[in-house]
Amino acid sequence: MRTSCSINLQDETPRSGLSTFTSDDEPPSKPSTVSHTPVLTGDSSATPVWPRQKQAYITLAACFFLMFNSWGLVNAYGTFASFYMQELLPGRNMLLLNLVGSTESFLVLIFSFAVGRILDAGYHRALLAAGFILVPTGMGALSRAAGNGGYNQGNYGLIWLFQGLIMGLGMSCFFVTSSQIAATWFAKKKALAIGIVASGASIAGLVYPIMTKMLIQKIGFQYAVLCVAVVIAVTSCFAFTLAQPHPQHQFRKPEKWMQVSLWIDTHAVSNASFSLFTAAIAFMFFGFYAVFFNFEEWAAAEGVGYKDRPTVPFPGSTEMFEARPKDALRTFYLLAMLNAFSTIGRIVAGYLSDHLGAVHVHAVVTFVSAILISCLWIFCPTRAGTLAFVVLYGAISGSVIGLPPASIAHILGHSRDAQSKLGQWTGMMYTVAAPFALTGPVIAGFLISKYKSYLPMQVWSAVSLLMSSVCMAWAGYLLHRQRGGKGLRGAVMRMRSMVSSDEKDEAEARETIDV
């Protein structure tokens, strides 16, 4: 079978906003004179299931390390917070300790709308360069916040400045960039590609804590963070050098940057599915990282985990943790396992999303995560129950935090014009969620300190994720109704036929004339 294909060399750019449409069909385009990127047009079967260019997979690896050095460092903060409470800042209010990690996540998200729009304009190199400078610098400077590295020698203000502010600003340049650049290469496996990139965050949540902990024991905190800074610098250099979007990806370079409409797409705000999904992400960040930031301390307080030295269960408490309760696991390894298992969820959920729809998959896994917290974590504070929670919640949580960009791509539809707005819409979503990412862990820390119990924090997290799943399900229902879907039965049938469909598309692509 032969499929004709043509190249349009005229100046062509997507419209400044998306017109209202209710299917995945290509919306009518409007001529523009802003971009000079050749646009491939023709039968969609000409696009292979997997890209054939070697650069696609090099870029995928580079984007993996961008996520590794952005949200991966947010995932790793739980180990830093535990060390601060145990060694550098003993007895400090957990609200303040959680504020450092929530500042990182806040800055990563609050600038996402600007980063996304800059990406859509084609200035990814400037963003990567800024991140390459700021993230390793902040981690290296953290060594100056520990005094002589001894007990109670930490400077909270400097820790917040270097780890919260400087690193947070640099990570914001990497975060949205990682998924958006990779997505330009994988037209038919977009959600899976984003899932692979997102797995960088969970791998970093495993590697950085183990590396940091072992180095602290051997050479001290100051030299340990310098070694971590070197790893960040090397991997960021690799990503800066090799990450590049598809050469035929459409960029939208504006004539004037100082316009509100340039940064905020009103069509996104008027899209009901987008608005509901954005609310869902806000609820998600309210409760999601309360688990990761406080899990080590909870495990030690419940006696299912232990630390290197006895510590107080809550700030201001006179009671001490037992150094090593019987049959307890080291709290550090529990958190590392939680991050490790999330890798599975990120990749599997991305694979399923390509066939069942990312928003629908996202709603299900978020609901399951709320159930796991409210049933398994709260009511089974035993060694066996904790291990079960670590495995199950770890896998599910990877899907919850890794799917938002794929879900936005699902809401936009498959047209080239719509997908050119992926960076901007994803950035707008994360920016709205930023205040919730900042305040959620702080509220969790306040609940722990005030009530001298981890139960209020657990309930807070479960309710937040439950509300998130409701909003996601609502957004998925509206999206399903707009596009005239055939319900769950149709989704299952698509799932059964996905292997044969992929093989058919690949066979047709082999016969397509290379352009």
Side-chain angles (χ1 to χ4, degrees), residues 71 105 109 191 194-195 198 201-202 271-292 338 341-342 344-346 348-379 388-389 391-411 425-426 429-430 432-437 439-441 443-444 456-482 485 487-488 491-492 495:
W71 210 257
S105 57
L109 299 176
I194 292 174
S202 55
N271 186 303
S273 295
F274 174 83
S275 298
L276 281 167
F277 186 77
T278 300
I281 298 304
F283 277 117
M284 182 195 76
F285 278 113
F286 240 163
F288 185 82
Y289 274 100
V291 180
F292 285 84
L338 195 64
F341 280 104
S342 70
I344 300 172
R346 293 171 194 261
V348 172
Y351 179 76
L352 294 175
S353 295
D354 280 322
H355 304 283
L356 300 178
V359 176
H360 309 310
V361 174
H362 208 167
V364 172
V365 296
T366 304
F367 176 75
V368 173
S369 69
I371 297 301
L372 287 174
I373 291 174
S374 58
C375 295
L376 187 57
W377 193 23
I378 293 178
F379 293 106
F389 177 78
V391 173
L392 295 176
Y393 184 80
I396 295 296
S397 68
S399 306
V400 173
I401 198 65
L403 279 178
S407 295
I408 292 297
H410 182 203
I411 291 172
W425 282 38
T426 302
M429 172 197 68
Y430 279 132
V432 171
F436 300 89
T439 55
I443 292 173
M457 177 272 294
Q458 293 170 313
V459 174
W460 166 263
S461 181
V463 171
S464 298
L465 290 172
L466 181 62
M467 292 299 298
S468 176
S469 67
V470 170
C471 292
M472 287 181 187
W474 193 356
Y477 168 74
L478 293 179
L479 198 64
H480 169 80
R481 190 174 65 177
Q482 288 173 353
L488 181 60
V492 173
M495 187 68 182

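Keep in mind that the numbers below use all heavy atoms, side chains included, and drop hydrogens, waters and symmetry copies.
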Extract all donor-acceptor atom pairs below 3.5 Å that involve side chains of residues 464-478 and protein atoms in other chains or at least two apart in sequence.
residue: S464; atom: OG; partner: W460; partner atom: O; Å: 2.9
residue: S468; atom: OG; partner: A280; partner atom: O; Å: 2.7
residue: S469; atom: OG; partner: L466; partner atom: O; Å: 2.7

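Considering every non-hydrogen atom in both S105 and A437, the closest pair reads OG-O, 3.6 Å. Across V400 and V365, no two heavy atoms sit closer than the pair CG2-O, 3.7 Å. Nearest heavy-atom pair, R346 versus A201, reported as atom, atom and distance to 0.1 Å: NH1-CB, 3.7 Å.
Separation of the F274 and W425 ring centroids falls under the 6.0 Å cut-off.
Atom CG of L352 and atom CG of L403 lie 9.0 Å apart (nearest 0.5 Å). Separation of atoms CD1 (I396) and CZ (F367) is listed at 12.0 Å; rounding is to 0.5 Å. Going from atom OG1 of T426 over to atom CD1 of I194 covers 7.5 Å, rounded to the nearest 0.5 Å. The line from OG of S202 to CD1 of I344 is 9.0 Å long, rounded to the nearest 0.5 Å. Atom CD1 in I408 sits 4.5 Å away from atom CE in M429 (nearest 0.5 Å).
The side-chain heavy atoms of W377 and L372, taken from C-beta on, include no pair separated by under 4.5 Å. Within the 4.5 Å cutoff, the side chain of I401 has heavy atoms near those of the M284 side chain. The shortest side-chain heavy-atom distance between H362 and P404 falls under the 4.5 Å cut-off.
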Go through the steps to decide whether Y393 and L338 satisfy the test side-chain contact (heavy atoms from CB on, under 4.5 Å), and finish with yes or no. CA-CA 7 Å; Y393 184 80; L338 195 64; 4.1 Å; yes
What do the steps show when you test Q482 against S273 for side-chain contact (heavy atoms from CB on, under 4.5 Å), and what is the final call? CA-CA 10 Å; Q482 288 173 353; S273 295; 4.2 Å; yes
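With sequence neighbours excluded, the residues forming a side-chain contact (heavy atoms from CB on, under 4.5 Å) with A358 are S353, A406, S407, H410, listed by chain and number. Judged as a side-chain contact (heavy atoms from CB on, under 4.5 Å), and not counting sequence neighbours, the contacts of A434 are F106, L109, I110. Under the rule for a ring pair (Phe, Tyr, Trp, His ring centres under 6.0 Å), the partners of F292 that lie at least two apart in sequence or sit in another chain are F288, Y289. Not counting sequence neighbours, the partners of V432 by the side-chain contact (heavy atoms from CB on, under 4.5 Å) test are T278. Not counting sequence neighbours, the partners of V459 by the side-chain contact (heavy atoms from CB on, under 4.5 Å) test are I378, L455, V463.
Shown are F285, F286, F283, Y430; of these, the ring-ring contact (aromatic ring centres under 6.0 Å, His included) with F436 is made only by F286.
For T366 (side chain) and A363 (main-chain N/O), no donor-acceptor pair under 3.5 Å exists by modelled atom type. Looking only at distances, a side-chain donor or acceptor of S397 sits under 3.5 Å from a matching main-chain atom of G394.
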